[in-house]
Amino acid sequence: MRSRHKKDRPYQIKKTGIKDENIDRQILILHRAMLDKLCQQPTLVENVFSTLDSRKEQGRLGHGAYLTWYCALEHLTDAPQQMYDALLEDSPRMRKLRRQTPLVGILTEEERQQALLADALGQTSIQTLLG
């Protein structure tokens with residue numbers, strides 16, 4: 001009788017389903033909108049840095065995640081494309097980091113809904129939505 005436990009499998013089962021993919025897609029859309037708004041209103045980034053510092057002090061954010069967010073956001077004014085590339089990267093690590101984003105309070109509920117609706121309609125920039 002052969003008994004195989006999950007940890008003994010020579011392969012991994014992909015744990016993401018269609019629901020996770022949809023959630024990640026929506027999170028990505030919202031992050032693009034939040035980054036667009038940060039570029040338009042750079043003073044908002046101070047609140048994000050404060051959130052990062054607070055979460056790190058509370059032990060809710062590891063050092064690597066802290067550095068990733070902090071270093072990417074430092075490029076807000078001098079190299080915004082690098083910030084976009086880093087924070088919107090399609091990798092398992094960035095998908096995980098975006099699920100616990102420090103970019104809280106950037107978008108109003110109306111802007112959040114508009115960003116999701118606009119993506120469903122094919123628009124991708126919050127600049128278009130904000131007029």
message = Can you confirm whether Q100 is buried at CD, in the sense that more than 12 heavy atoms of other residues, nucleotides or ligands lie under 6.0 Å from that atom?
response = no

>> Just checking E110: does its CD atom have more than 12 heavy atoms from other residues, nucleotides or ligands closer to it than 6.0 angstrom?
In response: no

Can you check whether [Y]'s main-chain N or O pairs, donor with acceptor, with [X]'s side chain at less than 3.5 Å?
| X | Y | answer |
| --- | --- | --- |
| S50 | E46 | no |
| R112 | L30 | no |
| Y66 | R55 | no |

For the student: nearest non-hydrogen atoms of [X] and [Y], plus distance:
| X | Y | value |
| --- | --- | --- |
| L103 | T101 | N-OG1, 3.0 Å |
| M83 | C39 | CE-SG, 3.8 Å |
| W69 | L97 | CZ2-O, 3.5 Å |
| P102 | V48 | O-CG1, 3.9 Å |
| K37 | I106 | NZ-O, 2.9 Å |

Which distance, rounded to the nearest 0.5 Å, do you find between the [atom1] of [X] and the [atom2] of [Y]?
| X | Y | atom1 | atom2 | result |
| --- | --- | --- | --- | --- |
| I23 | R98 | CD1 | CZ | 13.5 Å |
| R95 | D90 | CZ | CG | 5.0 Å |
| Q82 | H75 | CD | NE2 | 5.0 Å |
| T108 | Q113 | OG1 | CD | 9.5 Å |
| E111 | L116 | CD | CG | 12.0 Å |
| N47 | L38 | CG | CG | 9.5 Å |

Do [X] and [Y] have side chains that approach each other closer than 4.5 Å (heavy atoms only, starting at C-beta)?
| X | Y | result |
| --- | --- | --- |
| K96 | R93 | no |
| E21 | I18 | yes |
| Y70 | L67 | no |

### Message
What I want to find out is whether D24 reaches R99 closely enough, with some N-O distance under 4.0 Å, to be called a salt bridge.
### Response
yes

Practice prompt. Indicate whether any N or O donor in one side chain lies under 3.5 Å from an N or O acceptor in the other, for Q81 and D85.
Written response: yes

*Decide side-chain contact (heavy atoms from CB on, under 4.5 Å) for H31 and M34; before the verdict, give the C-alpha distance in whole Å, the side-chain angles of both, and the deciding distance to 0.1 Å.*
CA-CA 5 Å; H31 275 76; M34 288 183 280; 3.7 Å; yes

(message) Hydrophobic clusters here meaning ILVMFWY residues chained together by side-chain heavy-atom distances under 4.5 Å, can you tell me if I27 and I29 are in one?
(response)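 Not linked; separate clusters.
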
